[in-house]
Amino acid sequence: MRERVAVPVLRKDFIVSSYQLWEARAHGADMVLLIVAVLEQNALVSLVERAGSIGLVPLVEVHTDAEVVRAVEAGAKVIGVNARDLNTLKVDRELFARLAPMLPGNAVKIAESGIRGPRDLFACAAAGANAVLVGESLVTGKDPRSAVADLVTAGSHPALRGDRP
């Protein structure tokens with residue numbers, strides 16, 4: 001029999017109310033996505049605090065330097081830089097590298113969108129990413145299983161170990 005592996009679950013949705021946090025928790029989510037661009041600051045602060053209080057990790061998503069400031073002020077500890085512009089849907093693969101220096105040193109930094117393969121993963125890691133969120137390239141590719149295997153293999157490369165300086 002195959003050993004089960006615990007896989008963290010992210011509710012990747014437009015969270016706008018605390019009720020949605022409770023739904024996520026009830027359905028087994030470990031994390032929720034809070035998109036700074038769609039939330040007023042007081043709502044962002046409230047949702048970050050509420051998520052943490054009920055055992056969810058808020059992944060706070062930013063797209064601009066102003067949004068980084070808002071995320072930090074809201075107490076975000078896990079910050080995702082989404083390279084996809086919400087208005088045009090265009091991807092700026094350099095965005096993470098530009099915004100990463102603004103992210104707090106103790107934050108978990110996640111590069112989102114635009115990850116097409118190991119080369120992009122290495123570039124994000126070199127810019128300071130602790131993790132990547134990959135989606136479109138897996139669902140639009142011809143062989144998602146192979147694409148995931150390539151990313152997992154690249155992610156275990158010694159240059160990307162967590163004990164690096």
Side-chain angles (χ1 to χ4, degrees), residues 5-117 120-121 123-125 127-141 144 147-148 151-152 155 162:
V5 177
V7 176
V9 175
L10 166 66
R11 179 173 181 181
K12 192 169 184 286
D13 199 355
F14 288 87
I15 302 290
V16 295
S17 76
S18 61
Y19 183 81
Q20 292 173 288
L21 298 177
W22 288 104
E23 283 180 326
R25 187 85 225 133
H27 289 284
D30 301 290
M31 298 180 79
V32 290
L33 182 66
L34 301 178
I35 303 172
V36 174
V38 300
L39 295 167
E40 296 290 331
Q41 189 65 13
N42 60 347
L44 177 63
V45 170
S46 176
L47 290 169
V48 166
E49 290 173 358
R50 178 57 56 96
S53 76
I54 64 172
L56 292 168
V57 174
L59 165 54
V60 180
E61 180 178 288
V62 300
H63 301 86
T64 67
D65 54 351
E67 290 178 9
V68 171
V69 171
R70 290 184 54 210
V72 172
E73 288 176 354
K77 303 286 186 249
V78 179
I79 302 174
V81 175
N82 192 332
R84 185 175 311 280
D85 183 300
L86 291 178
N87 296 311
T88 65
L89 300 182
K90 291 184 180 179
V91 173
D92 176 358
R93 286 183 172 68
E94 303 301 318
L95 185 64
F96 182 85
R98 285 197 309 274
L99 295 184
M102 296 181 64
L103 302 176
N106 63 342
V108 175
K109 302 161 194 71
I110 302 178
E112 303 176 10
S113 296
I115 311 298
R116 298 166 299 184
D120 293 325
L121 187 141
C124 291
N130 301 107
V132 294
L133 193 149
V134 183
E136 181 183 7
S137 68
L138 298 179
V139 297
T140 61
V148 168
L151 289 169
V152 169

For [Y], does its backbone N or O pair with a side-chain atom of [X] as donor and acceptor, under 3.5 Å?
X: Lys109; Y: Pro104; answer: yes
X: Asp13; Y: Ile15; answer: no
X: Ser53; Y: Arg50; answer: yes
X: Gln20; Y: Phe14; answer: yes
X: Gln41; Y: Arg70; answer: yes
X: Asp92; Y: Ala83; answer: no

Can you tell me how far [atom2] of [Y] sits from [atom1] of [X], rounded to the nearest 0.5 angstrom?
X: Thr64; Y: Leu99; atom1: OG1; atom2: CG; answer: 7.5 Å
X: Glu112; Y: Asn82; atom1: CD; atom2: CG; answer: 5.0 Å
X: Met31; Y: Leu133; atom1: CE; atom2: CG; answer: 8.5 Å
X: Lys90; Y: Ser113; atom1: NZ; atom2: OG; answer: 15.5 Å
X: Leu10; Y: Asp30; atom1: CG; atom2: CG; answer: 9.0 Å
X: Glu49; Y: Leu44; atom1: CD; atom2: CG; answer: 9.5 Å

[X] versus [Y], closest heavy-atom pair with distance:
X: Ile79; Y: Ala107; answer: CD1-CB, 4.3 Å
X: Leu47; Y: Val16; answer: CD1-C, 4.2 Å
X: Asp85; Y: Thr88; answer: OD1-N, 3.0 Å
X: Ala74; Y: Val48; answer: O-CG1, 3.5 Å
X: Gly114; Y: Asp120; answer: O-OD2, 3.3 Å
X: Val32; Y: Leu21; answer: CG2-CD2, 3.6 Å

(request) Report the C-alpha separation of Arg11 and Glu23 in whole Å, then their side-chain angles, then the decisive distance to 0.1 Å, and conclude whether the side-chain contact (heavy atoms from CB on, under 4.5 Å) test is met. (result) CA-CA 10 Å; Arg11 179 173 181 181; Glu23 283 180 326; 3.1 Å; yes
(message) So for atom CZ, which belongs to Arg25, do other residues, nucleotides or ligands contribute more than 12 heavy atoms lying within a distance under 6.0 Å?
(response)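 Counting other residues, nucleotides and ligands, CZ of Arg25 exceeds 12 neighbours.
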(request) Could you check Val108 against Val57 for side-chain contact (heavy atoms from CB on, under 4.5 Å), going step by step and ending with a plain yes or no? (result) CA-CA 11 Å; Val108 175; Val57 174; over 6 Å; no
(message) Walk me through whether Leu89 and Arg84 qualify under side-chain contact (heavy atoms from CB on, under 4.5 Å).
(response) CA-CA 5 Å; Leu89 300 182; Arg84 185 175 311 280; 4.1 Å; yes
(message) If we check side-chain contact (heavy atoms from CB on, under 4.5 Å) with Val60, which of these qualifies: Ile35, Val36, Val68?
(response)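 Of the listed residues Ile35, Val36, Val68, the side-chain contact (heavy atoms from CB on, under 4.5 Å) partner of Val60 is Val36.
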